[in-house]
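Chain naming here is simple, since letters A, B, ... match the order of the sequence lines and numbering starts at 1 in each.
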Amino acid sequence: MNLTFSHRRISGLLAVVPANERSFVEDMANFNSPPARSLKLMKVMGYDKHRVVDGPVCASDLVCFGMEHLFASGALARDGCDALIVVTQSPDYIMPPTSSVIQGRLGLKQDMFCLDINQGCAGFLIGLFQAFSLLEQPALRKVALVNVDVMSRKTSPRDRNSYPLIGDAASIAIVERSQDGTAIHANLKMDGTRRDALMIPAGGLRLPCSPETAVMEDDGENNFRAKDNLRMDGSAVFNFVQVEVPPMIRDLLQAAQAGMEDVDYFLFHQPNRFMLHKLADQMNVPYEKMPSNIVELYGNSSGVTIPMAIVHNLRERLLTGSIQACLAGFGVGLTWSSMLMRLGPLDFCELIDYK
Amino acid sequence: MEGFYEKIAEILEVDTLNASDELADFPEWDSLSVLSVIAMIGANYGVNLTASDLRGAATAQAIRDLVARKSGR
């Protein structure tokens, strides 16, 4: 479906990554494949380092650390937000919502709309749609859109298919009304029949965690993971992205009556460098207009990767100027979504380490 | 398409490869090899194949035909 919005802007972006860094070469010791084979994977996919939490760090820990940083630096007042949207697939608890945990821990006001959304790699866009819609209400002036995942804790270190690309991170985007009435075009599609491509089979009520769900199983290619762990059907996901994303961007630009040349940057979800290069090739986009360096530096943190791509690559530019940005997210659900919007100037645009 | 079979052989980590060899018979024909073939073909022949394009190709000859068809060569 096509969506349009107007009079909305992102006014600031903060990303938080764990200080703890692991390298692919360190991870290799846990894989059940010959080192030469793993090094080949590293080269093809573009793996190098990734940031993962050290110990039992939860989603709300990363977010509270980031919010306190914003309060301390004066970028945001403690009572400055009227809504807190938390997009995560790794909540602190099944209940209560992680947004309520964060609200309580930070001592935010009661006059507040807290909302959790269970979404992943398209979660920054899904969250923006919600934030934009909430701002229809005059009582809301600022929405804090939080994307956060600590998926390393649900990923088997012996699963070469998933572990080396996973990164943990949080982002906080402040969304508010703007004077600019230019249309913001977006689109969204979902296909629940392909929901098995990315899932954690156990831990919900359909299959509660038990000693049986903790048993490591071989996926047939020497990747060992339990039903308690993240499972990704890598080739199904790769195929999904190659087939669905280029037509989605074409449709978006058509709806916006814009051309590829009108877009300054294609800020896409970061599954890995290989897939992004393949997308850029298919769409005839020069690599420098489509950043693809987040996985090799920090890892794939699902819904956080679009904010990460922005703060890591465009910080200086967005603190002073603005760009025409084409955002796209694609993943769990399956869900795929894109948006064409003006980004910047931002009041803050920063990446900090969680210690 | 000079050196096509040599490049596929390299990915499969074998010294020689016949056009009609069944890819599934090679121990190294796994998801990583599929990605490597897609990357190699994109880089060398400017053709973008999908993983499911390759799923239908049983032999190296079939991949070569696929590339030829897509590139109009």
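Here B:D30 contributes atom CG and A:N223 contributes atom CG; the two are 9.5 Å apart, rounded to the nearest 0.5 Å. One finds the CG atom of B:L49 at 8.5 Å from the CD atom of A:Q242 (value rounded to the nearest 0.5 Å). Between the OG atom of B:S36 and the NZ atom of A:K43 there is a distance of 8.5 Å, given to the nearest 0.5 Å. Distance check, rounded to the nearest 0.5 Å: CZ of A:F238 to CG of B:L35 gives 5.5 Å. Atom NZ of A:K40 sits about 7.0 Å away from atom CD of B:E28, to the nearest 0.5 Å. Between atom CD1 of residue B:I38 and atom NZ of residue A:K278 there is a gap of 8.0 Å, rounded to the nearest 0.5 Å.
In this structure, chain B has heavy atoms under 4.5 Å from both the backbone and the side chain of A:Q282. Within the 4.5 angstrom heavy-atom criterion, only side-chain atoms of B:N48, from C-beta onward, approach chain A. Of the two parts of B:L54, neither the backbone nor the side chain holds a non-hydrogen atom closer than 4.5 Å to a non-hydrogen atom of chain A. Heavy atoms of A:R160 lying under 4.5 Å from chain B belong exclusively to its side chain.
No more than 12 heavy-atom neighbours from other residues, nucleotides or ligands sit within 6.0 angstrom of CD on A:Q254. Within a 6.0 Å sphere centred on NZ of A:K289, other residues, nucleotides and ligands contribute more than 12 heavy atoms. Counting non-hydrogen atoms of other residues, nucleotides and ligands closer than 6.0 Å to CG of B:D15 gives a total of 12 or fewer.
If you tally non-hydrogen atom pairs under 4.5 Å between each of A:V241, A:D281, A:N239 and chain B, the highest count goes to A:N239.
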